[in-house]
There are 2 protein chains.
Amino acid sequence: MVKAADRAKNPAGSSVWLEQRAPRSGGGPAGLDRDRIVAASVRMLDRDGLGGFSMRRLAAELGVTAMSLYWYVDTKDDIIEYAIDTVYREIDLDAVDAGADWRERIRTLALDYRRMLVRHPWMSPCAGQYLNIGPCAIAVGSRIQEAIRGTGLPLSGQPGAMSAVFQFVYGYGTIESQFERRAAEAGMSQDDFYTGSVAAFRDDPQFREALEPMTDILDERASHGSVTDIWERDFAYALDILVAGIEAMVARESAGT
Amino acid sequence: MVKAADRAKNPAGSSVWLEQRAPRSGGGPAGLDRDRIVAASVRMLDRDGLGGFSMRRLAAELGVTAMSLYWYVDTKDDIIEYAIDTVYREIDLDAVDAGADWRERIRTLALDYRRMLVRHPWMSPCAGQYLNIGPCAIAVGSRIQEAIRGTGLPLSGQPGAMSAVFQFVYGYGTIESQFERRAAEAGMSQDDFYTGSVAAFRDDPQFREALEPMTDILDERASHGSVTDIWERDFAYALDILVAGIEAMVARESAGT
DNA sequence: GAGACTCCTTATACGGTGTACGAGGCGCGG
DNA sequence: CCGCGCCTCGTACACCGTATAAGGAGTCTC
């Protein structure tokens, strides 16, 4: 095993996935196991959030002391990297492959990716800080790249298109999951939380002015059903924009500009 | 002042910007001041990152003990929320207003927003976790909303368009700033760091397979100058896609679909 | 059966964190 | 001079990640 202190010496590629070691099997009395540890971590992260996730608490949940975990894992960050890669597996790549054309494949991927981020609100803050080069993350990345390749955009445009679509999904999933988390922490439904927040803002003189020019948008949204419906609708519309934009760029390129 | 423990009781809107208190002026011997604290925090966050930012270290830099800070501020999170709003001020809204049409205004806003995220790599991880309803953040938000309104999209589509553009910018700025941070931590130029990473991946049998189908893209990128140029180019292309997409949706709506 | 060796778990300890609490010191109005 | 507000500090608590070393259980060897 590698001491955490030594890991920092290789900052360029500090990641579990580089310098990989064979997992240690769970022959011990506690029946521990890297997979069991990671699975418990995901459960705990989902339940308690990133702030409520500590080595001691995780160990307690597994009926063991904190230091036992270090037999299977070098650092807490490694566990998080494993957890990240685990949840990437939730994206159903077979369903993506079944898509008829690049439009459908991109939509399926985007929706699945977004759902994954919302299911695991700790993901987006973490994902930004690690390399995300585990096998599952890479499999998803390859599929994204293939889908973009299918658009017919020139090579020089494909990275930009990939960013436009999937950085958007990342950002959207981040906002949505944080909203859901806040509502849950307040013990409210998303609808109650939303209408409560809007009302609170409207009453606060400090925010009334800023809110006023968007009254029409707020009204339109309020008349359009539940908050979760609105999340779906806005996301779908954004994807429509992106698909239309890619189509327009493809047309522009083939027009010889 | 409000004890940190009590703050948690209002999880719905836990933010400095709700329940606001007048800033305490710096009449004390240390010449302290909320503004001075926040300015020092931004400096420290830029230099040492989020992980290197602690109350004790911040206090030391101000020539004071940690507990002194709590006279001006309730919690560490409050400082971060103030810091976030401070850097939003770097987005030049006057330059946005000078834009000729919505295309230019959106482009200016997006570029400024991205630059701000890259200048302050701690921003993106933080921004996702707070409400960002400080005065400067709200001013930027209003300007974004105005710009989107200028596209001529129907009300129902404007939130989606706003997400498509600015969640993308957020995601892109996140990735870019993390890359820059990693390169800096490794003590390399971005170019050296990039080519080194690609080479390392190509040599590692575990990644060779995943990298192989994107050889053409990597070659195209390698032939296209420095990494920073590529960041610019991809970002610009993605913005082109978004603008083209919005135009297409406007045309589609006015065609009466 | 005794010893050694490997695998796993543990106890203890270090240096850090955010921050609650209470004791001061300093300047000012009475 | 006294008290009172403002501001700073010392101390302490609970918690964190993890380095280090010791301990226990099983198995293999002689």
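Chain letters run A, B, ... following the sequence lines, proteins first and then strands; every chain starts at 1.
- Each side-chain hydrogen bond (donor to acceptor under 3.5 Å, both in side chains) pair with one or both residues in residues 57-70 of chain B, not counting sequence neighbours, appears once here: B:R47-B:E61, B:D48-B:R57, B:T65-B:S68.
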note = B/S/- along nucleotides 12-26 of chain C (protein heavy atoms under 4.0 Å) is -----BBBBB-----

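- The nearest whole Å value for the distance from the CG atom in A:L69 to the C1' atom in D:dA19 is 15 Å.
- Going from atom CG of B:L62 over to atom P of D:dC9 covers 11 Å, rounded to whole Å.
- Within the 4.0 Å cut-off from OP1 or OP2 of D:dC9, at least one side-chain nitrogen or oxygen of B:S68 is found.
- The distance from atom CZ of A:R24 to atom C1' of C:dT9 is 13 Å, rounded to the nearest whole Å.
- Using a cut-off of 4.0 Å between Lys/Arg side-chain N and Asp/Glu carboxylate O, A:D92 and A:R115 are scored as not salt-bridged.
- In this structure, B:E81 has no salt bridge (Lys or Arg N to Asp or Glu O under 4.0 Å) partners at least two apart in sequence or on a different chain.
- Across C:dT10, C:dC8, D:dT8, the shortest atom-to-atom separation from the side chain of B:W71 is found for D:dT8.
- Judged by the 6.0 Å distance and 45° axis criteria, A:R114 is positioned over the aromatic ring of A:F235.
- Ring centroids of A:F166 and B:F168 are separated by 6.0 Å or more, keeping the two rings apart.
- A salt bridge links B:E185 with B:R181: at least one charged nitrogen is closer than 4.0 Å to a carboxylate oxygen.
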